Amino acid sequence: MQHIMIDLEMNKIEKQWRGKNKLSSELIEIGAVRMDDSFAVVDTYQSYVKPEFGPMDAVIIDLTGITDDKVKDAPEFFEAMDDFAAWIGPEETQFYSWSMSDIRQFQHEALFKSYPGEIIQRMESHWTDFQEEFRRLLGLHHRIKLSYAVSAADYEFQGAQHTALADAVNTAEILRLSKDPERFQTVMKPVLDLVSQERQEQTLMDMCPDFFAAFMDVADKDKDEKEPVK
């Protein structure tokens with residue numbers, strides 16, 4: 001089995017371009033890292049994708065550095081997806097990304113644009129939310145940003161953040177670390193110790209805030225009902 005880490009960059013679609021449908025963003029870059037069965041990196045993939053609805057959003061340009069000039073001659077969604085699927089190949093594959101936003105973008109845009117490629121179904125059935133997996137490995141209550149995960153792993157972020165290939169490369173390094181239990185425990189020991197200490201210092205109310213909030217609401221209501229009306 002091969003393992004492929006994916007990261008996408010998207011452009012916001014302004015309301016006047018959406019029509020009756022509610023596709024809020026379009027794919028503008030695909031970045032991916034292919035790893036073999038032992039999680040050694042064997043190849044990378046990068047492609048810009050030409051958006052079909054409106055120009056590049058100014059905020060996205062500032063965030064990603066992807067301008068209209070970079071995507072004007074890029075393949076459109078159908079061609080880009082077919083090329084990406086060809087790169088993935090027929091081999092049994094497990095797909096990963098940092099959160100579920102990337103697979104949802106594939107799903108929503110493929111549905112909106114009536115893309116028939118079977119690669120969407122392959123990804124849907126073999127997708128791992130690595131952000132959630134990493135959170136569980138550390139015993140955290142909340143998800144964290146990729147840049148924080150990279151820092152926690154004592155790894156220097158490679159490339160520019162919010163570029164698809166760089167984000168995929170850096171996430172793949174964290175994935176590779178997580179698949180080596182001994183190394184993971186050694187590298188992440190300061191973070192694991194801190195999380196363990198914080199968990200020990202937490203009270204029951206800290207760990208179950210929703211339950212106690214509901215309990216206090218009930219207690220307050222009972223108190224109000226018992227107090228005489230003035």
Side-chain angles (χ1 to χ4, degrees), residues 2-12 24-36 39-51 56-67 70-71 74-75 77 80-81 83-85 87-88 93-110 119-120 123-124 126-138 140 142-180 184 187-188 191:
Q2 64 179 353
H3 303 269
I4 294 181
M5 179 64 72
I6 297 173
D7 187 82
L8 307 178
E9 299 299 334
M10 282 81 74
N11 185 47
K12 178 182 177 183
S24 60
S25 60
E26 274 188 293
L27 194 58
I28 54 172
E29 187 184 13
I30 302 172
V33 176
R34 187 202 311 274
M35 292 162 279
D36 62 19
F39 293 92
V41 174
V42 294
D43 199 8
T44 61
Y45 178 93
Q46 188 276 339
S47 176
Y48 291 120
V49 183
K50 183 178 180 179
M56 288 294 300
D57 181 80
V59 174
I60 301 301
I61 292 175
D62 288 342
L63 183 68
T64 66
I66 301 174
T67 62
K70 287 186 176 181
V71 296
F77 184 77
M81 291 303 299
D83 184 69
F84 186 43
W87 178 80
I88 292 168
T93 306
Q94 185 66 36
F95 300 92
Y96 306 80
S97 70
W98 192 257
S99 85
M100 294 296 287
S101 62
D102 292 329
I103 183 59
R104 288 170 183 154
Q105 180 65 33
F106 280 135
Q107 292 168 327
H108 294 164
E109 194 163 348
I119 188 60
I120 303 297
M123 290 191 291
E124 285 174 338
H126 297 90
W127 194 276
T128 297
D129 177 354
F130 183 57
Q131 185 184 43
E132 174 63 18
E133 184 175 292
F134 190 75
R135 180 197 68 77
R136 289 198 303 266
L137 284 171
L138 289 181
L140 298 173
H142 303 289
R143 295 174 175 229
I144 62 174
K145 292 183 178 180
L146 174 59
S147 58
Y148 296 164
V150 170
S151 297
D154 196 26
Y155 173 72
E156 185 175 347
F157 197 98
Q158 303 296 310
Q161 292 185 40
H162 302 296
T163 58
L165 182 54
D167 283 352
V169 166
N170 287 281
T171 315
E173 285 299 319
I174 305 302
L175 174 63
R176 293 178 63 207
L177 174 64
S178 73
K179 298 303 179 180
D180 184 339
F184 182 82
V187 172
M188 301 302 295
V191 178

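Nothing here was measured: the structure is a model prediction, and the numbers come from that model.
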Do Phe106 and Leu27 come within less than 4.5 Å of each other through their side chains, counting heavy atoms only? yes
Over all heavy atoms of both residues, which pair between Gly31 and Ala164 is shortest? Give the atoms and the distance, please. N-CB, 3.4 Å
Which distance, rounded to the nearest 0.5 Å, do you find between the CG of Asp62 and the CE of Met56? 10.0 Å
Output for pair (Leu8 CG, Trp98 CH2), nearest 0.5 Å, gives 16.0 Å
If every non-hydrogen atom of Glu26 is compared with every non-hydrogen atom of Pro51, which pair is closest and at what distance? OE1-CB, 3.3 Å
Quick one, Thr64 and Glu29 - any side-chain contact, counting heavy atoms below 4.5 Å? no
Nearest heavy atoms of Val33 and Thr44, plus distance in Å: CG2-CG2, 4.2 Å
Once you round to the nearest 0.5 Å, how far does CZ of Phe134 lie from CZ of Phe184? 5.0 Å
Could you give me the CA-CA distance, side-chain angles and deciding distance for Met123 and Ile6, then say whether side-chain contact (heavy atoms from CB on, under 4.5 Å) is met? CA-CA 11 Å; Met123 290 191 291; Ile6 297 173; 4.0 Å; yes
Verify whether one side chain among Ser25 and Gln105 offers a donor that lies under 3.5 Å from an acceptor in the other. yes
On a heavy-atom basis, the closest approach of Ala80 and Val49 is CB-CG2, 3.8 Å
Sub-4.5 Å side-chain heavy-atom contact between Gln46 and Thr163: no
Could you check whether any side-chain heavy atom of Lys70 comes within less than 4.5 Å of a side-chain heavy atom of Thr67, counting everything from C-beta outward? yes
Before giving the answer on side-chain contact (heavy atoms from CB on, under 4.5 Å), spell out for Ile60 and Glu9 the whole-Å C-alpha distance, their side-chain angles and the decisive distance to 0.1 Å. CA-CA 9 Å; Ile60 301 301; Glu9 299 299 334; over 6 Å; no
Locate the shortest heavy-atom distance separating Ser178 from Glu133; write the atom from each residue and the value. OG-OE2, 4.4 Å
From Ile4, Ile103, Thr128, Asp102, residue fulfilling side chain to side chain contact (heavy atoms under 4.5 Å, CB included) relative to Phe95: Ile4
Do Leu175 and Met35 have side-chain heavy atoms sitting under 4.5 Å apart? yes
Polar side-chain atom of Asp129 near backbone of Ser99 as donor-acceptor pair, under 3.5 Å: yes
Tyr96: which of His3, His126, Gln131 passes side chain to side chain donor-acceptor pair (under 3.5 Å): His3
Heavy-atom side-chain proximity of Trp87 to Ile30 below 4.5 angstrom: no
Only counting residues at least two apart or in another chain, list the ones meeting side chain to side chain donor-acceptor pair (under 3.5 Å) with Ser97. Trp127
Within the structure provided, determine whether Arg34 and Thr93 are in side-chain contact (heavy-atom separation under 4.5 Å). no
OG of Ser47 to CE of Met81: how many Å apart, nearest 0.5 Å? 10.5 Å
Within this structure, what is the CD1-CD1 distance for the pair Ile88 and Ile119, rounded to the nearest 0.5 Å? 3.5 Å
Report the distance from atom CZ of Phe39 to atom CG of Asp180, rounding to the nearest 0.5 Å. 11.0 Å
